[in-house]
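Here's the structure, in structure tokens; my notes come after.
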Amino acid sequence: MDLHKELKHWFGYSEFRMGQKDIIESLLKGQDVLAMLPTGTGKSICYQLPGFLSNGLTIVVSPLLSLMQDQVQELKSNGLKQIAALNSMVSNEERQFVLNHLHDYRLLYLSPEMLQSEYVLSKLKQTKVSFFIVDEAHCISHWGKSFRTDYRKLAPVRRALANPPCLAITATATEVVRDDIREQLQLNNVQSYIYSVDRPTIALDIKETSSNSTKLKELNEYVRSLEGPGLIYFQTRKWAEAASSYLQQQGHANVSYYHGGMVHEDRLLIQQQFMKDQLDLICCTSAFGMGVNKSNIRYVIHFQPPLDLESFLQEIGRAGRDGENSLSLLLYSAEDRQMAKTMIKKDLLDKSQLIHILSALSTGGKLTYAEEKLIYLPVNCSDTAYSVLRYQLEMENYVIRDQWQSFDVQTVYPKIEKALTEYGQVLEQRLNKIWEWIESNSCKRQQILRYFDEIMQSRPDACCSYCGLDRLELTNSKVHNQQASSFEWVDHLNYVFLKGHQQ
DNA sequence: CGTATCCCAATTATTTGGGATACGGTGCGATAAT
């Protein structure tokens, strides 16, 4: 088979990009594949092309409804039919239709939750499944242990579908996470294609500030000097909204905000406006970004550090996909760390909460979601905290789907308590790692790469704040000098990011 | 840790300020039966 011809035929591209051909060939040979490709290098081709080349159905597990809709729409508008998504946004009639005509489809996008439906699985079992794809596979490790635990129940599903070749693909996974993915999906005879997470054209700048209120003023000055479009990540929804309206008041016209608390339509609208360059600045929480394929984002600012380096890398990876220079600027103050610690803690239950919930569950029987909610809500337990707990109980087989075993609280409590403590420790260690990185005194890029078990091959000119971004020659020294006299922080920035038209 | 909110006392005000308290991110699907 001439893969180049097929690529041209199905997608109109004449060349494969890094890694794509190897991954596709392995998959077509029937091997399991774990692939880590840098952000924005055409990951979807790696499974879409094999999907069209085989005569069976390719199942794509995708984390977000919007991602599924986007991909289905994009393929359809390119004239590629025989594609569908199965999720809660799809009407019952349509779901029914798709499940009754599976032979007519090549690619089927599903949420991991949908794959837990016995009815859906029974239908899928009746058709030939060629490939089992897990997109954004790092979700297995990160979301899977807290609020998306169905991500850790994929191996039995794949086995039930006659164990088709599996591709797990992601842009950011440490060695630990990669091992976890291989184990969770029970990848055999696995071929791993691991590319560097390094993005040499993104300069890494870090700056300490005194507090969040003074940060906001500094942010305004940065945004005024930097060439957009840009993204600003905040730890809370409130801050994202407040900063957005503050920046608007300060005269930045095309600013808006984005977070998970907004209605779906608004989120869609903001994202589209940003894509179409009607907005050039988004103040957002970590909700924004997955599947955002905007090529010309020039900077990503973190108003507070994220909870771990993987998230940080995911978020800055949205900059400079066009290959042009771009900037990551991380602002931090001591208070951010305590705040982050508190956020981790709130998903872990204390003793009295745990005893209360375990006691209520220990009688066994069948429970609906609503009934479970009535158990954990009165003790101020969040959905996520309960999900973390429930996952541990699932691991010990105290619950299978909605069927609960009766158990002895005194026996179960110590086991669960230990598991939750260990989980909390992992989160805290990851938090400590990113703070060690922030406060450390050596090359920031080198350290990030070491965190991902890589060795830095070469140092870009605009590397990081440790290597010295401000030592670079300025193309427009007039701009630089005038601004530097009034704002010391300009000194801190790489010249390539200064707006030419500002005085 | 910072902040927003609520309540109550102060001393005689429809206000002010102190103390206590809660909260902070990421998202699928839910029911019935086919």
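Side chains are part of it too, since the values below use all heavy atoms of this structure and drop only hydrogens, waters and symmetry mates.
Contacts of A:Glu335 with the nucleic acid, taken as non-hydrogen atoms under 4.0 Å apart, involve only primed sugar atoms and P, OP1 or OP2. Residue A:Thr285 is in sugar-phosphate contact alone, with no base atom involved, counting any heavy-atom pair closer than 4.0 Å across all strands shown. Residue contacts for A:Ser146: at a heavy-atom cut-off of 4.0 Å it reaches no nucleic acid atom on any strand shown. A:His142 comes within 4.0 angstrom of no nucleic acid atom, judged by non-hydrogen atoms across all strands. Here A:Leu99 lies out of heavy-atom contact (under 4.0 Å) with every strand.
What separates NZ of A:Lys238 from P of B:dG2 is a distance of 16 Å, to the nearest Å. Between the P atom of B:dT3 and the CZ atom of A:Phe234 lies a distance of 14 Å, rounded to the nearest Å. For the pair A:Tyr233 OH and B:dT26 C1', the computed distance is 11 Å after rounding to whole Å. Taking atom CE of residue A:Met262 and atom P of nucleotide B:dG27, one finds them 12 Å apart after rounding to whole Å. Going from atom CG of A:Asp383 over to atom P of B:dC23 covers 13 Å, rounded to whole Å. As a whole-Å value, the separation of A:Ile344 CD1 from B:dC1 P is 16 Å. Rounded to a whole Å, the CZ atom of A:Arg267 is 8 Å from the C1' atom of B:dG27. We find that NE2 of A:His259 is positioned 11 Å from C1' of B:dG25, with the value rounded to whole Å.
You'll find the ring centres of A:Tyr451 and A:Trp437 outside the 6.0 Å limit.
Applying the salt bridge (Lys or Arg N to Asp or Glu O under 4.0 Å) rule to A:Glu422 yields the partners A:Lys418; only residues at least two apart in sequence or on another chain are considered.
For the P atoms, the distance linking B:dC6 with B:dT11 amounts to 25 Å, nearest Å. B:dT3 sits 15 Å from B:dG25 when the P atoms are compared, rounded to a whole Å. Comparing B:dG29 with B:dA9, their C1' atoms are spaced 49 Å from each other, to the whole Å. Taking atom C1' in both B:dC8 and B:dA13, one finds a spacing of 15 Å when rounded to whole Å. Rounded to a whole angstrom, the distance from the P atom of B:dT26 to that of B:dA30 is 22 Å.
Taken from CD in A:Glu335 to OG1 in A:Thr209, the straight-line distance is 7.5 Å, to the nearest 0.5 Å. Interatomic distance, A:Phe132 CZ to A:Asp32 CG, rounded to the nearest 0.5 Å: 11.0 Å.
Within a 6.0 Å radius of CD in A:Gln278, other residues, nucleotides and ligands contribute more than 12 heavy atoms.
Applying the side chain to side chain donor-acceptor pair (under 3.5 Å) definition to pairs two or more places apart or across chains, those involving residues 113-123 of chain A are A:Gln96-A:Tyr119, A:Asn100-A:Lys123, A:Glu113-A:Arg148, A:Glu118-A:Arg401.
Between A:Lys366 and A:Glu371 no salt bridge is recorded (no basic side-chain N to carboxylate O distance below 4.0 Å). A salt bridge links A:Glu175 with A:Arg182: the closest approach of a Lys/Arg side-chain nitrogen to an acidic carboxylate oxygen falls below 4.0 angstrom. In summary, A:Glu221 and A:Lys217 do not engage in a salt bridge, as defined by a charged side-chain N under 4.0 Å from a carboxylate O.
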Determine, for nucleotides 29-34 of chain B in 5'-to-3' order, which nucleotides have protein heavy atoms under 4.0 Å from the base (write B), from only the sugar-phosphate (write S), or from neither (write -).
-> S-SB-B
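For the pair A:Arg237 and B:dC23, the criterion of a side-chain N or O lying under 4.0 Å from OP1 or OP2 is not met.
Within the shown strands, B:dT16 is the pairing partner of B:dA9 under the Watson-Crick or G-U definition, both distances less than 3.5 Å. Using N1 to N3 plus N6-O4 or O6-N4 for Watson-Crick, or N1-O2 and O6-N3 for G-U wobble, each under 3.5 Å, B:dA30 pairs with nothing.
When each of B:dG24, B:dT26, B:dG27 is scored by its nearest atom to the side-chain atoms of A:Met343, the top-ranked nucleotide is B:dG24.
Taking only distance into account, the side chain of A:Lys346 meets the base of B:dG25 through a donor-acceptor pair shorter than 3.5 Å.
Each of A:Trp239 and A:Pro63 has a nearest nucleotide on DNA chain B; the 5'-most of these lies closest to A:Trp239.
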